[in-house]
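Bear in mind that the values here come from a model prediction, so they are computed numbers and not experimental data. Keep in mind that the numbers below use all heavy atoms, side chains included, and drop hydrogens, waters and symmetry copies.
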Amino acid sequence: MIWSTAPQGRAPDTPETPPVPQTEPLPQSAEPTGPTGPTGPSAAKRAVREHVLALRTELLALSHRIHAHPETAFEEHLAAAWCSELLRAHGYSVTAPAHGLATAFDARLGSGPVTVALVCEYDALPGLGHACGHNLIAAAGIGAALGLAPYADELGLTVRVIGAPAEERGAGKALLLEAGAFDGVDAAMMVHPCPVEVADFRSFALGTLSVRYTGRAAHPSLDPHRGRNAADALTVAQVAIGLLRQHLPPQWRVHGITTAAGTAPNLIPDSASAEYEIRASAAEDLAELRSRVEDCFRAGALATGCEVELTRPEPDYLDMRSDPRLLTLWRANAAALGRPEPVESGPFACTDMGNVSHAVPSIHPVLDITGGACAPHEAAFAEAALGADAERAVLDGAVAMAWTAADLAADLAAESAESAESAESAAATNE
């Protein structure tokens with residue numbers, strides 16, 4: 001399937017919200033890092049945290065509600081509506097649908113000189129529900145936005161909340177980026193649940209490939225010489241890919257499935273199809289890998305006399321590149337909240353937040369909610385996304401993102417003042 005925007009769909013209904021389980025009170029965190037003083041950023045950051053914790057019930061109810069009603073890529077009508085409603089209730093101007101996608105939204109508040117985008121995901125996995133914990137991502141992003149809402153102008157911030165559909169399949173953020181959703185943004189951030197704590201999350205670049213062979217049907221015993229076997233073309237290609245693998249760098253991946261290869265053994269198949277994914281450690285490598293894999297599929301067509309059609313179902317997912325300044329601020333704020341010490345990790349998984357990171361300074365920290373007991377895309381992870389550690393990740397993620405946005409605005413304001421002072425000094429010297 002060629003990627004496209006989702007159709008304008010039904011209006012969301014309002015299923016009953018599941019109750020929020022009672023959990024142990026959250027421990028008090030350490031004081032925020034940063035400059036001190038009665039009216040300085042540290043005082044504002046304390047107020048932001050208190051505001052987030054005051055909204056604990058609403059935020060966790062949102063997480064549980066999205067979890068209880070999983071919606072797959074481009075079908076997240078309920079989740080997008082619930083997020084939008086909560087943002088409007090707290091003073092945000094919300095556009096929904098937004099940027100040509102039926103289940104995207106764009107919320108704005110504040111008039112400060114530094115614009116920070118908080119990115120929300122909320123799509124579920126087919127058959128597994130929220131086994132990737134996107135209900136937590138949405139609630140944390142909304143939590144950061146609500147925490148900043150009363151203080152945005154004081155902190156020098158314009159806050160954007162971008163509801164991004166179709167992360168699991170469809171590269172929604174790549175589509176939003178193309179549509180200009182991130183234009184004018186100084187920094188973008190989101191958090192993701194995981195079985196380990198990582199601040200500098202790095203991902204693979206990923207591309208998708210749809211393959212369709214067209215041959216000629218024939219009877220396999222009466223006139224096989226008239227046939228052109230599309231299933232054989234796919235077999236040749238798969239053998240070629242298998243031989244290619246030994247010559248690929250260790251972090252390059254090729255994997256896929258056959259979706260059709262004939263209907264009966266007494267008929268030479270005149271069509272065959274497959275869906276493949278390719279992964280590389282960097283976007284620059286993905287282009288080379290795609291060319292080599294596509295040549296394998298062309299070889300299958302050449303060897304069997306079939307025709308092959310190669311299409312890209314969706315945009316490529318680019319590798320995640322975290323911004324060093326934002327990472328430094330995030331690490332300090334996460335530590336102040338008592339989050340586990342982050343570990344260093346090589347690239348794993350793929351995310352369309354990588355596309356955003358190539359265009360806008362971005363971070364995508366992952367927060368441990370299982371202690372390694374299970375990982376995303378497992379049924380057990382869907383259960384973990386409702387647990388006490390998951391709830392703590394929502395609130396910690398919200399506060400740490402809000403603090404990081406506040407610190408960035410303070411840093412940029414200080415740099416601007418210093419630059420202006422230097423310019424004035426230089427002008428005075430030249431007089």
Side-chain angles (χ1 to χ4, degrees), residues 3 72-74 76 79 101 103-104 117-126 128 130-141 144 161-178 181-182 185 187-208 251-253 255 277-286 312-323 326-327 330 342 345-369 375-378 381 385 393 397 401:
W3 59 266
T72 54
F74 297 120
E76 316 94 325
L101 299 181
T103 54
L118 303 164
V119 182
C120 295
E121 296 175 6
Y122 31 73
D123 60 321
L125 290 158
L128 285 174
H130 279 288
C132 206
H134 290 190
N135 58 303
L136 307 178
I137 298 171
V161 189
I162 296 178
E167 190 277 335
E168 295 293 351
R169 177 62 66 193
K173 293 184 199 60
L175 302 178
L176 289 170
L177 196 62
E178 289 179 12
F182 291 90
V185 170
M189 62 186 78
M190 60 171 283
V191 294
H192 199 299
C194 205
V196 66
E197 194 94 0
V198 179
D200 185 10
F201 172 74
R202 287 174 285 164
S203 67
F204 288 106
L206 176 144
T208 52
Q251 301 230 344
W252 292 18
R253 304 280 189 271
H255 45 94
E277 291 184 346
I278 56 174
R279 302 178 191 233
S281 54
E284 295 81 2
D285 299 326
L286 197 66
R312 300 187 189 189
E314 59 195 39
D316 289 345
Y317 287 56
L318 305 185
D319 52 302
M320 181 69 204
R321 299 179 180 180
S322 298
D323 178 72
L326 290 173
L327 266 183
W330 167 269
S345 173
F348 64 94
C350 298
T351 174
D352 54 5
M353 189 65 179
N355 298 59
V356 178
S357 75
H358 282 241
V360 176
S362 303
I363 52 171
H364 180 290
V366 300
L367 306 180
D368 184 3
I369 69 166
H377 296 218
E378 298 177 15
F381 201 84
M401 282 194 290

Atom pair CG (D316) and CD1 (I278), whose distance is rounded to the nearest 0.5 Å: 6.5 Å

Euclidean distance, H364 NE2 relative to T351 OG1, rounded to 0.5 Å: 4.0 Å

Partners passing salt bridge (charged side-chain N to carboxylate O under 4.0 Å, His left out) against E378 (at least two apart in sequence or in another chain): none

Side chain to side chain contact (heavy atoms under 4.5 Å, CB included) between W330 and M401, intermediate numbers included: CA-CA 7 Å; W330 167 269; M401 282 194 290; 3.9 Å; yes

Test item: L118 and M190 side chains (from C-beta on) under 4.5 Å apart, heavy atoms: no

Non-hydrogen side-chain atoms of S281 and D319 separated by less than 4.5 Å: no

Non-hydrogen atoms of I162 and L176 that approach each other most closely: CG2-CD1, 4.0 Å

Nearest atoms (heavy-atom pairs only) where P315 meets G170: CD-O, 3.9 Å

Heavy-atom side-chain contact between P365 and F201 under 4.5 Å: no

Gap between atom CD of E121 and atom CD of E76 - 0.5 Å precision: 10.0 Å

Rounded distance [0.5 Å steps], CG in N135 versus SG in C120: 12.0 Å

Partners meeting side chain to side chain contact (heavy atoms under 4.5 Å, CB included) with S322 (sequence neighbours left out): D200, M320, L327, I363

Side chain proximity check, T208 to R169, heavy atoms < 4.5 angstrom: yes

From CZ (R279) to CD (Q251), nearest 0.5 Å: 12.0 Å

Nearest heavy atoms of Y122 and A104, plus distance in Å: OH-CA, 3.8 Å

Derivation of the side chain to side chain contact (heavy atoms under 4.5 Å, CB included) call for L367 and E197: CA-CA 5 Å; L367 306 180; E197 194 94 0; 3.4 Å; yes

Polar side-chain atom of D323 near backbone of S362 as donor-acceptor pair, under 3.5 Å: no

Under 3.5 Å: donor-acceptor pair, side chain of R202, backbone of S345: yes

L101 to G172 - nearest heavy-atom pair and separation: CD1-O, 4.0 Å

Side-chain donor/acceptor of Y317 to backbone N/O of E167, under 3.5 Å: yes

All side chain to side chain contact (heavy atoms under 4.5 Å, CB included) counterparts of C132, not counting sequence neighbours: L125, H134, E168, H192, P376, H377

Nearest non-hydrogen partners of C350 and S203, listed with the distance: CA-CB, 4.0 Å

Where A393 and I369 come nearest, the two heavy atoms and their spacing: CB-CG2, 3.8 Å

D352 side chain vs A174 backbone, donor-acceptor pair below 3.5 Å: no

Pairwise side-chain contact, C194 with F348, heavy-atom cut-off 4.5 Å (strictly under): yes

From CZ (R321) to CG (N355), nearest 0.5 Å: 11.0 Å

